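Working notes for the structure below.
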Amino acid sequence: MRPIRLPHRPAGGFSGNQSETFEGAISGVIRRAVVIGNGFAGAENQCLGLVRALGLFSRHSLYRITRPRGGFSRWLNWLPVSTHKKVDSLLRSSGDYLRYRVNFNGKKEVPLSSQRCADAKLIAKMARDSFDRDGPILVVASGRDTISIASSIRVLAPEIVFVVQIQHPRSHLNRFDLVITPRHDYYPLTPHAQEQIPWFLRRWITPREPPDRHVVLTEGALHQADSAALRSAASAWGNELAVLPKPLLVVNIGGPTSNCEYGVDLAKQLTVMLQKVLWSCGSVRISFSRRTPERVSKILVKELSNDPKIYIWDGKGPNPHMGHLAWADAFIITADSVSMLSEACSTGKPVYVIGAQRCTWKFADFQKRLQEKGVVRPLTGKEDISETWSYPPLNDTAEAASQVIEALAERGWIIEA
């Protein structure tokens, strides 16, 4: 999964269909990218992974759409961003504002990021002002909050931008030049899903139409864990991880979601299963995500931290995640995280999932598809971690990048990687 390099024009020229791509058809060369982020790693990493695969990582600019956070704002995320900010502004002007800005752990809210704020008009103006010098711009966005900004940029500067929206925008897909989304986003159209939806609600469930030719379907999430990144991580973490007894089992724990709920019950189940397979492990490394509830992590720390084979990362110092992807011999991952599963399943190493039976709706379909493809197996506690098995690794990011290049070629544009 190396960054995709476009072919250079050979000295002798091209023949056949190749000449149509290079002789007189090129109307733009993309040398830069704009990423529209929402401040959440899961969404932004998909954008950065695509930009990286296209060879534009060193020439991208990140703009963020920021929502007010803390206090009552945690319950207003369903509002459009602009409305949310207006409501927050009203609270800010009230005498009780400071009281509302203290979160429910009793800690003062951390100020919003100083990252450049996404403004469609300013980005479109920048694209126009710099077009003669730098050419057109690839705009990549991901997440619900980015939809209006990304689509507005395309309206304001349609001739000089190419807009890619990652994750399904639910409606009006023609607002974007390309949409990249996992197959399970189209689960509502399946007969099984239709049976679960009352007839009077079906018109409100999206998407309502099958994907058209400008929709790219993936199995999982896009990410930055390509072969070059893993080689770099293997080198950076070699002194710490290469010396560990084999096989190295990496356990990644996410957090409950509305479509994959769990709590201390899953933590206890995971603890028991880890103790059952520990005999076959040389070493075990456990990491929690920012979404992991404290009540879940506490159980695992209490029950497992004293075992000499087990190391639990405490969240301090450099994040070992990429090193773990590079050096692990096998993975155990909670079913809630599409991103963590997608990264692990791109390595070709054994991936065991715990909690898949708790997932509902399209996320249950995602788990079902992975198991049917032989990419993951459910954790039973009877595994011998030293026994390996293989599968065709997920290659969604590189394949999506290839589709972007093809779509750009139809416009007469190429990427200078």
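Hydrogens, waters and symmetry mates play no part in the numbers below; they use all other heavy atoms, side chains included. Bear in mind that the values here come from a model prediction, so they are computed numbers and not experimental data.
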Using side-chain heavy atoms (C-beta onward) and a distance below 4.5 Å, is [X] in contact with [Y]?
| X | Y | value |
| --- | --- | --- |
| Gln371 | Pro378 | yes |
| Ile137 | Met126 | yes |
| Leu217 | Thr181 | yes |
| Tyr311 | Val284 | no |
| Asn252 | Ile332 | no |
| His223 | Ser339 | no |
| Phe366 | Leu341 | yes |
| Ile160 | Arg128 | yes |

Would you confirm whether [X], through its side chain, and [Y], through its main-chain N or O, come within 3.5 Å as a donor-acceptor pair?
| X | Y | result |
| --- | --- | --- |
| Thr206 | Arg208 | no |
| Ser342 | Ala221 | yes |
| Asp265 | Gly263 | yes |
| Lys349 | Ala326 | yes |
| Arg202 | Gln194 | yes |
| Gln165 | Ile180 | no |

Would you say the side chains of [X] and [Y] form a donor-acceptor pair under 3.5 Å?
| X | Y | result |
| --- | --- | --- |
| Ser130 | Arg32 | yes |
| His184 | Glu219 | no |
| Asp212 | His214 | yes |
| Tyr262 | Asp336 | yes |

Nearest-0.5 Å distance, [atom1] of residue [X] to [atom2] of residue [Y]:
| X | Y | atom1 | atom2 | result |
| --- | --- | --- | --- | --- |
| Thr360 | Gln196 | OG1 | CD | 8.5 Å |
| Leu394 | Thr347 | CG | OG1 | 9.5 Å |
| Thr146 | Glu44 | OG1 | CD | 9.5 Å |
| Leu50 | Leu222 | CG | CG | 6.0 Å |
| Gln46 | Phe40 | CD | CZ | 14.0 Å |
| Gln167 | Ile147 | CD | CD1 | 8.5 Å |

Salt bridge or not for [X] and [Y], using N-O below 4.0 Å?
| X | Y | result |
| --- | --- | --- |
| Glu261 | Arg358 | no |
| Arg377 | Glu383 | no |
| Arg411 | Glu159 | no |
| Lys125 | Asp129 | yes |
| Arg154 | Asp177 | yes |

Decide if atom [atom1] of [X] counts as having more than 12 heavy atoms of other residues, nucleotides or ligands within a radius under 6.0 Å.
| X | atom1 | result |
| --- | --- | --- |
| Glu372 | CD | yes |
| Gln357 | CD | yes |
| Lys362 | NZ | yes |

Less than 6.0 angstrom separating the ring centers of [X] and [Y], yes or no?
| X | Y | value |
| --- | --- | --- |
| Tyr391 | Trp389 | yes |
| His324 | Phe331 | no |
| Trp313 | Phe288 | no |

For this session: Kindly write out the residues that satisfy salt bridge (Lys or Arg N to Asp or Glu O under 4.0 Å) with Arg31, not counting sequence neighbours, or none if the list is empty.
Result: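 Counting only residues at least two positions away or on another chain, Arg31 forms a salt bridge (Lys or Arg N to Asp or Glu O under 4.0 Å) with Glu416.
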For this session: Identify which one of Leu266, Ile333, Thr380 satisfies the side chain to side chain contact (heavy atoms under 4.5 Å, CB included) criterion when paired with Ile354.
Result: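 For Ile354, the side chain to side chain contact (heavy atoms under 4.5 Å, CB included) check succeeds only for Leu266.
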Exercise. Parallel, tilted or perpendicular: which fits the ring planes of His192 and Tyr187, with parallel below 30° and perpendicular above 60°?
Worked result: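 Ring orientation of His192 relative to Tyr187: tilted.
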For this session: Any chance you could lay out the side chain to side chain donor-acceptor pair (under 3.5 Å) test for Gln224 and Thr397, step after step, and finish with the verdict?
Result: CA-CA 8 Å; Gln224 299 187 65; Thr397 308; over 6 Å; no
Problem set entry | Ser152/Arg175 under side chain to side chain donor-acceptor pair (under 3.5 Å): CA gap, chis, key distance, verdict | CA-CA 8 Å; Ser152 295; Arg175 293 175 290 174; over 6 Å; no
Problem set entry | Step-by-step side chain to side chain donor-acceptor pair (under 3.5 Å) determination, Asn259 to Thr257 | CA-CA 5 Å; Asn259 287 292; Thr257 66; 5.6 Å; no
